[in-house]
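One structure below.
When a ligand or atom number is given, it counts from 1 through the structure's own listing order.
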Amino acid sequence: MTSTGGLEYGPVQPEEVQPLWALLDQALHISMVPGWNDHVGPDKFRAVRRNGKLAGGMGIVPMGQWFGGASVPTGAVTSVGIAPEFRGAGAASMLMKSALDEIHEEGWPLSTLFPSTLNFYRHAGYERAGVKVVYELSTNAIDVGSRDLGIVEVDDSSREEIYATYNARAKSTSGNLDRPAMLWEPIMGFGGRKVFSYLITGPSGAEGYVIFQQARSAAHIRVRDVALLTQNAALRLLRFFADHRSTIDSLSWNGAPNDLMVHALGEQDAKLTSSRDWVIRIIDVESALTARGYPATYQGELHLRVEDNLLSWNNGDYVLEVASGRGTVRRGGRGDLRTGIRGLAAMYAGHVAPVELRAMGAMDADDATIANVSLMFASPRSWMSDQF
Ligand SMILES: CC(C)(COP(=O)(O)OP(=O)(O)OC[C@H]1O[C@@H](n2cnc3c(N)ncnc32)[C@H](O)[C@@H]1OP(=O)(O)O)[C@@H](O)C(=O)NCCC(=O)NCCS
């Protein structure tokens, strides 16, 4: 338990669980998944108290996040809320700083979250690091498709194939979560409308899957999860959805910024209905740079100087050497690239190019260093389909 200026941080006591859920319901206004906090589990939550009274709390869930073909452990933060009467007095800042210290003690190099306010999380060193986008498409606008691959309805016995297909997609992109069971469970269904699961199969096995529900109030298919490994799988799924067009008007899904289905369409008729950035915080520079992967054929080094106003152990100079897709880090060097911890987060995730970060004033380096680091951190655009 930590305590400063009447504020105290620590695990949630059994008698605080229901009051904290009520407080978070009010603070967050809309709950994403009914029963979400119970699903996460009270043991994952931390409380902040002011003069002994419960003022707010948050959840920290261990997950992984794929960067450069490697799954980097991250403390995923969920359900942050302070009761309105306790706001503006530093309660959330104290909660957040204590949580970052705890994540550091756990040895997780990153923390990831969906911000409802960027300003607050930027104060804590988080930066925009990837997108979550939602597409909507009319079934009548599907102008391409193919029935060459197979598509079969599957049940629980195919979960391992679904997980393996998701992991193959996640590993080859940037920013997707290495999903723990607690994220898979709501996708597979928490009761309610029937959840349909289909596997798309090619000559050498699964090339994709889709998990969806048919909406109650509209002629709409809401995709809960989709992963496509090939263009043929995208064409098969588009054909499958077009085959619903006599009764289903539209479908929506959380997709990639460069989405295989959107890209396959003959016209630009898929609407991007929502795009929100999520953020990451580099908890520990050395372990974060070591844990991610790098382009397999890149070989070189970067002399880096990092400034972090909140987590002081990150301050200083580093040399990152990359070979065979992996990085090794030592302290010291020339500080050729100078960045705050937030600029490093955006570059680390592949969300903002180094040349753009320099123009934004988030990092400083000469042209040769920018060109070098652009190759070192080259990756597909960073995104995830989950919300937590
Ligand atoms: C956002 C929230 C957690 C902040 O709690 P708090 O205890 O008032 O925050 P702090 O007093 O520690 O504020 C620290 C700084 O963050 C910034 N900040 C705080 N609340 C903010 C808000 N709603 N919007 C933008 N910036 C905010 C301010 O710059 C503040 O510094 P200042 O008071 O010197 O200006 C709280 O307003 C809340 O629970 N809101 C509703 C739920 C929510 O949005 N949760 C976040 C989910 S991702």
Taking the basic N atoms (NZ, or NE/NH1/NH2) and the acidic carboxylate oxygens, is any pair closer than 4.0 Å for Glu8 and Arg49?
yes
Protein heavy atoms: any of them under 4.0 Å from atom 3 (C) of ligand 1?
yes
Considering the options Arg193, Arg222, Arg224, which one meets the side chain to side chain donor-acceptor pair (under 3.5 Å) requirement together with Gln213?
Arg224
Scan the protein's non-hydrogen atoms and note whether one is under 4.0 Å from atom 35 (O) of ligand 1.
no
Do we get Arg236 above Phe240's six-membered ring, with its NZ or CZ under 6.0 Å from the centre and within 45° of the axis?
no
Heavy atoms only: which of Leu95, Leu118, Thr117 is nearest to atom 24 (N) of ligand 1?
Thr117
For Glu160, check side-chain contact (heavy atoms from CB on, under 4.5 Å) against everything at least two apart and list the hits.
Tyr163
For Ala89, the ligand 1 atoms with a heavy-atom partner under 4.0 Å come out as 11 (O)
Scan the protein's non-hydrogen atoms and note whether one is under 4.0 Å from atom 10 (P) of ligand 1.
yes
Give the atoms of ligand 1, by number and element, whose distance to some non-hydrogen atom of Val80 is under 4.0 Å.
42 (C), 43 (C), 45 (N), 46 (C), 47 (C)
Polar contacts were defined as any N/O atom of the residue lying under 3.5 Å from an N/O atom of the ligand; does this apply to Ala92 and ligand 1?
yes
Candidates Arg50, His29, Arg87, His123; heavy atom nearest atom 37 (O) of ligand 1 found on Arg87
Report yes if some N/O of Leu28 lies less than 3.5 Å from some N/O of ligand 1; otherwise report no.
no
Identity of the nearest option to atom 8 (O) of ligand 1, non-hydrogen atoms only, from Gly88, Ala91, Gly81, Ala55
Gly88
Out of all atoms in ligand 1, which are within 4.0 Å of some heavy atom of Phe114? Include the element for each.
48 (S)
Within 4.0 Å of atom 20 (N) of ligand 1 (strictly less), any protein heavy atom?
no
